[in-house]
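Below is one structure, written out as C-alpha cells, with a few remarks after it.
Chain letters run A, B, ... following the sequence lines, proteins first, then strands; residues in each count from 1. Both backbone and side-chain heavy atoms feed into the values below; hydrogens, waters and symmetry mates do not. This structure is a prediction, so every number in the text was calculated from the model and none was measured.
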2 protein chains.
Amino acid sequence: MVRYPSSTLDRTFAALSDPTRREILDRLAEGPATLGELRRPFDMTLPGLMKHVRVLEEAQLVVTEKKGRTRECRLGSEQLDDAAQWIETYRRRWERRLDRLGDYLERQKGARA
Amino acid sequence: MVRYPSSTLDRTFAALSDPTRREILDRLAEGPATLGELRRPFDMTLPGLMKHVRVLEEAQLVVTEKKGRTRECRLGSEQLDDAAQWIETYRRRWERRLDRLGDYLERQKGARA
DNA sequence: GCTAAAGTTAACCAAATGGTAAGGTATCCG
DNA sequence: CGGATACCTTACCATTTGGTTAACTTTAGC
C-alpha cells in the first residue's frame with residue numbers, strides 16, 4: 001500500500017476545501033492566467049486572491065512564474081492523483097466492509113431459513 | 001455536468017484535510033467503534049476526539065448512534081463519491097488541456113519542418 | 001441505591017484562515 | 001522621463017479550528 005505523507009495530503013484537501021480555490025482551478029483548467037485575470041470574477045482584493053493562489057501553490061496544485069510585471073499561473077500537479085488515490089483506497093476498504101456486512105446478513109437469513 | 005453544492009464539497013474536503021480525522025475513517029473502515037475506542041490510539045482528550053467525530057458527522061462521512069451509555073460510530077456516506085467525482089472531473093479537464101498543449105507543440109514542430 | 005464508566009457541555013485558549021486597507025516596488029508605454 | 005499598471009508586503013481584523021480543563025448527566029453493574 002502506498003504511503004501518503006500526511007502533510008501533503010493535508011495541504012491538498014485543505015486547498016480543495018475552499019470554493020474560491022476550486023473556482024480558480026476551474027479557470028486554470030482552461031489555460032494559464034495572470035493574478036489580475038484570476039481575480040476578475042471575484043469580488044475580492046488582489047492580496048486576498050494572492051493568498052488563495054499561494055495556498056494552491058503550496059499544495060503544488062498550481063505553479064506560478066513571474067513574467068515581466070505579471071505573474072502567470074498554471075495548473076501543475078500530481079497531487080490530485082494522491083488525493084484521488086487516497087479516496088479510492090479508502091473507499092475500496094469501506095466497500096469491502098459493506099460486503100462483509102452483506103455476507104453476514106446473508107448468512108443470518110440462511111440460518112433462519 | 002453534475003453540480004456540486006459548494007458547501008457540501010467544502011465540508012467533505014475540509015473534513016479530509018486533518019490526519020486525525022483520516023485515521024478515524026481508517027479505523028471505522030474496519031468496523032464500528034465507540035467514541036472511547038476511537039480515542040484510544042490518540043493522545044487526546046475525549047472532548048477533543050468528539051469534535052473530530054462531529055466534523056466527520058457534519059460532512060456526512062460518519063454516522064453515530066447512542067447505544068446505552070456509549071455512542072457507536074460507523075462510516076456512512078456517499079459524500080466520498082462526490083469528492084472523488086469532483087477530482088476526476090477536474091482532472092479530466094486538466095488532461096484535456098495538456099492534450100491541447102501537446103497538439104499545439106506538434107503543430108509548431110510541423111510548421112518549422 | 002451507589003459508584004464507576006462513558007459521554008456531554010461549557011468555557012477558555014492559541015494558532016490558522018480569509019479577508020481588508022495602505023503603501024511600496026517594478027515594469028511597460030508613450 | 002513620467003505615469004499607469006500589476007504585483008508585493010505589511011499590518012490589521014474577525015472567525016474558525018483544534019485542543020484543553022472542569023463540571024455535569026446518564027447508564028451499567030454490584
Checklist entry - Whole-Å distance between dG19(C) C1' and R39(A) CZ? => result 14 Å
Next on the checklist: Can you tell me which nucleotide in dG19(D), dT9(C), dT20(D) comes closest to the side chain of M50(B)?
Outcome noted: dT9(C)
Checklist entry - Taking CE from M44(B) and P from dT20(D), how many angstroms apart are they, rounded to a whole number? => result 6 Å
Checklist entry - Rounded to whole angstroms, how far apart are CZ on F42(A) and P on dG19(C)? => result 10 Å
Checklist entry - Please give, in whole Å, the distance from dA16(C) C1' to R11(A) CZ? => result 13 Å
Checklist entry - Over how many whole Å does the gap from K51(A) atom NZ to dC7(D) atom P extend? => result 18 Å
Checklist outcome for this item: Rounded to whole Å, the CG-P distance (D10(A) to dT17(D)) equals 15 Å
Next on the checklist: Give me the atom names and distance for the closest heavy-atom approach of R22(B) to S17(B).
Outcome noted: NH1-C, 3.7 Å
Checklist entry - Between dC7(D) and T34(A), is there an OP1 or OP2 to side-chain N/O distance shorter than 4.0 Å? => result yes
Checklist entry - Judged by atom type as modelled, is there a donor-acceptor pair below 3.5 Å linking the side chain of R39(A) to the main-chain atoms of D43(A)? => result no
Item to check | DNA chain D: 5'-proximal contact among D18(B) and T70(A) (nearest heavy atom) | outcome: T70(A)
Item to check | H52(A) side chain, from C-beta outward: closest of dG19(D), dT9(C), dG19(C) | outcome: dG19(C)
Next on the checklist: Does dA6(C) have OP1 or OP2 under 4.0 Å away from a side-chain N or O of R71(B)?
Outcome noted: no
Checklist entry - Taking for each residue the nucleotide of DNA chain C bearing the nearest heavy atom, is the 5' side occupied by E37(B) or by D43(A)? => result E37(B)
Item to check | P47(A), nearest nucleotide to its side chain (from dG7(C), dC7(D), dT20(C)) | outcome: dT20(C)
Item to check | Heavy-atom pair with the smallest gap, counting every atom of L49(A) and L35(A) | outcome: CD1-O, 3.7 Å
Next on the checklist: Heavy atoms only, 4.0 Å cut-off, all strands: where does G48(B) land among base, sugar-phosphate and nothing?
Outcome noted: base
Checklist entry - Is a side-chain N or O of R21(B) found less than 3.5 angstrom from the main chain of L16(B), in a donor-acceptor match? => result no
Next on the checklist: Could you tell me how far apart E72(A) (CD) and dT5(D) (C1') are, to the nearest whole angstrom?
Outcome noted: 17 Å
Item to check | Separation of atom CZ in F13(B) from atom C1' in dT17(D), rounded to whole Å | outcome: 19 Å
Next on the checklist: From the set dC28(C), dT21(D), dT8(C), return the single nucleotide nearest to any side-chain atom of R69(A).
Outcome noted: dC28(C)
Checklist outcome for this item: Closest heavy-atom pair, D10(B) versus D18(A), reported as atoms and distance to 0.1 Å, is OD1-C, 4.3 Å
Checklist outcome for this item: Contacts of L35(B) and L49(A) projected onto DNA chain C by closest heavy atom; the upstream (5') one is L35(B)
